[in-house]
Amino acid sequence: MEASRRDFMQYVVGAFGAVAAVGAAYPILKSLGPNAAAALQSKVDYDVSQLKPMDVRVTSWKGFPVFVMMLPTPFNWNGPERNNKYKNHNRDILGNHNVYAIIGKCTHLGCIPLWKPDGDSAMNPSNVPVFHCPCHGSIYTPWGDNISGPAPLPLGIPPQALNGNTLEIGTPGFVKKFWDPYT
Ligand code: FES
């Protein structure tokens with residue numbers, strides 16, 4: 001009887017010890033996880049009601065610069081399409097959507113490309129709207145497909161949904177998964 005009571009007390013002490021250990025470890029484990037600010041950025045709602053056709057706005061998602069685009073409908077693209085193994089990759093992913101978000105980070109060495117809605121002299125024909133990376137001259141279509149210069153891949157595309165006038169960046173919708181050229 002004595003022995004079993006002693007066993008019971010050992011269990012109780014052991015259980016309290018385990019709870020205390022978990023309690024002590026929790027703040028350490030929590031500090032290793034993504035912080036609240038980063039978690040907040042994993043979904044970004046962007047109001048597109050003020051955008052006009054050919055507008056591009058910049059926001060950020062998960063630490064990436066993001067271009068929020070609005071193209072006219074219909075939009076006729078007269079420029080070259082693409083010169084890598086992902087032929088028309090971004091254009092295919094984005095389909096017929098005229099409001100969308102793409103990652104604004106050049107796939108060459110990471111600069112932020114500039115939006116040139118009236119074209120760029122580096123292009124022929126030069127009046128085709130493009131993104132032009134100022135660092136080493138890479139050029140991308142409005143969908144982010146790379147068409148000239150040293151950039152090896154299209155721009156990334158975050159998962160996204162359009163809900164009324166809100167572009168929900170980070171929410172699976174008409175783009176379901178993050179197209180990440182870096183992985
Ligand atoms: S970083 Fe954009 S072309 Fe080099």
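In listed order, ligands and their atoms are each counted from 1. Please read all numbers here as calculations on a predicted model, not as lab measurements. Values below: every heavy atom of this structure, side chains too, minus hydrogens, waters and symmetry copies.
- Protein N/O/S atoms closer to atom 4 (Fe) of ligand 1 than 2.8 Å number 2 in this structure.
- Evaluation of the side-chain hydrogen bond (donor to acceptor under 3.5 Å, both in side chains) rule for Tyr100 yields no partner, not counting sequence neighbours.
- One hydrophobic cluster, built from ILVMFWY side chains closer than 4.5 Å, holds both Leu153 and Ile112.
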Begin from the C-alpha positions of Tyr46 and Trp61 and carry the test ring pair (Phe, Tyr, Trp, His ring centres under 6.0 Å) through to its verdict. CA-CA 11 Å; Tyr46 197 95; Trp61 171 74; over 10 Å; no
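- Rounding to the nearest 0.5 Å places CG of Asn165 at 10.0 Å from CG of Leu51.
- In this structure, Pro113 and Phe67 have side chains that are in contact, with non-hydrogen atoms separated by less than 4.5 Å.
- Arg57 and Asp55 are joined by a salt bridge, as a carboxylate oxygen and a charged side-chain nitrogen come within less than 4.0 angstrom of each other.
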